[in-house]
Amino acid sequence: MANSKRDLFLKRRLRVRNKLRSVNSGRLRLSVHRSNKNISAQLIDDVQGITLASASSLEKELGVVGKNNVDAAAKVGQAIAERAKKAGIEQAYFDRGGFLFHGKVRALAEAARENGLKL
């Protein structure tokens, strides 16, 4: 019996997150969510269970509302890196969830790295 796309996505997300947790214990997590219309990122402290910084393409300050392309993802990556610097965060591990490291997800990660966040 074939698995549905959703089941495969959830399976991939758990596999990625469990692998990253075992390798990067004690570091913050940069979690990415991509939908058909928007992309967002959060810096999460799993020990305390709080979000320290976030950025989304829904924010009017970024100027990409209603756009979901590689340029919008790069602006979100730049914004999350700047907000991480303000919060005193220098490193995190990149949790791509069940999404492939390609296109928008990759653009977000590269923009965050270029702006000083070590992933």
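Here the structure is a predicted model, which means the values were calculated and not measured. Computation of the quantities below employed the complete heavy-atom set of this structure, encompassing side-chain atoms and omitting hydrogens, waters and symmetry-equivalent molecules.
Looking at heavy atoms from C-beta onward, D95 lies in side-chain contact with V16 at the 4.5 angstrom threshold. No side-chain heavy atom of L20 sits under 4.5 Å from any side-chain heavy atom of F94. The shortest side-chain heavy-atom distance between V32 and F101 does not fall under the 4.5 Å cut-off. When side chains are defined from C-beta on, R13 counts as touching L10, because their heavy atoms get closer than 4.5 Å. Counting heavy atoms from C-beta outward, I44 and L28 have side chains that stay 4.5 Å or more apart. A 4.5 Å side-chain heavy-atom check between Q42 and H33 finds every atom pair outside the cut-off.
Closest heavy-atom contact between N115 and A81: CB-CB, 3.6 Å. In this structure, L117 and I89 approach most closely via the heavy-atom pair CD1-O, 4.1 Å. Nearest heavy atoms, N68 versus S35: ND2-O, 2.8 Å. Contact between A73 and A107 at its shortest, heavy atoms only, is CB-CB, 4.3 Å. When every heavy atom of I80 is checked against every heavy atom of A41, the shortest pair comes out as CD1-O, 3.8 Å.
Side-chain N or O atoms of N3 include none that pairs as donor or acceptor with a backbone N or O of L8 at under 3.5 Å. Side-chain atoms of R12 come within 3.5 Å of backbone atoms of G98 as a donor-acceptor pair (strictly under, hydrogens ignored). A donor-acceptor pair under 3.5 Å is formed between the side chain of R27 and the backbone N or O of A92. Side-chain atoms of S56 come within 3.5 Å of backbone N or O of L58 as a donor-acceptor pair. Within the 3.5 Å criterion, the main-chain N or O of A55 finds no donor-acceptor partner in the side chain of S40. With hydrogens and angles disregarded, a donor-acceptor distance shorter than 3.5 Å links the side chain of N69 to the backbone of A72.
Counting heavy atoms of neighbouring residues, nucleotides and ligands inside a 6.0 Å radius, atom CZ of R106 does not exceed 12 of them.
Using a 4.0 Å cut-off between charged side-chain N and carboxylate O, E59 and R83 make a salt bridge.
Residue L30 is grouped with residue I50 when hydrophobic side chains (ILVMFWY) are merged at heavy-atom distances under 4.5 angstrom, including chains of intermediate members. One hydrophobic cluster holds both L119 and I39 under the rule that ILVMFWY side chains link at heavy-atom gaps under 4.5 Å. Placement of L108 and L62 within a single hydrophobic cluster is found when ILVMFWY residues are connected by side-chain heavy-atom separations under 4.5 Å, directly or transitively.
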* To do: Take L52 and D45, measure what side-chain contact (heavy atoms from CB on, under 4.5 Å) needs, and give me the verdict at the end.
  => CA-CA 7 Å; L52 302 171; D45 184 358; 4.2 Å; yes
* To do: Test side-chain contact (heavy atoms from CB on, under 4.5 Å) on D46 and R29 and set out the steps.
  => CA-CA 7 Å; D46 288 321; R29 174 167 55 106; 2.9 Å; yes
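Taking CG of N24 as the start and CD of Q91 as the end, the distance is 9.0 Å to the nearest 0.5 Å.
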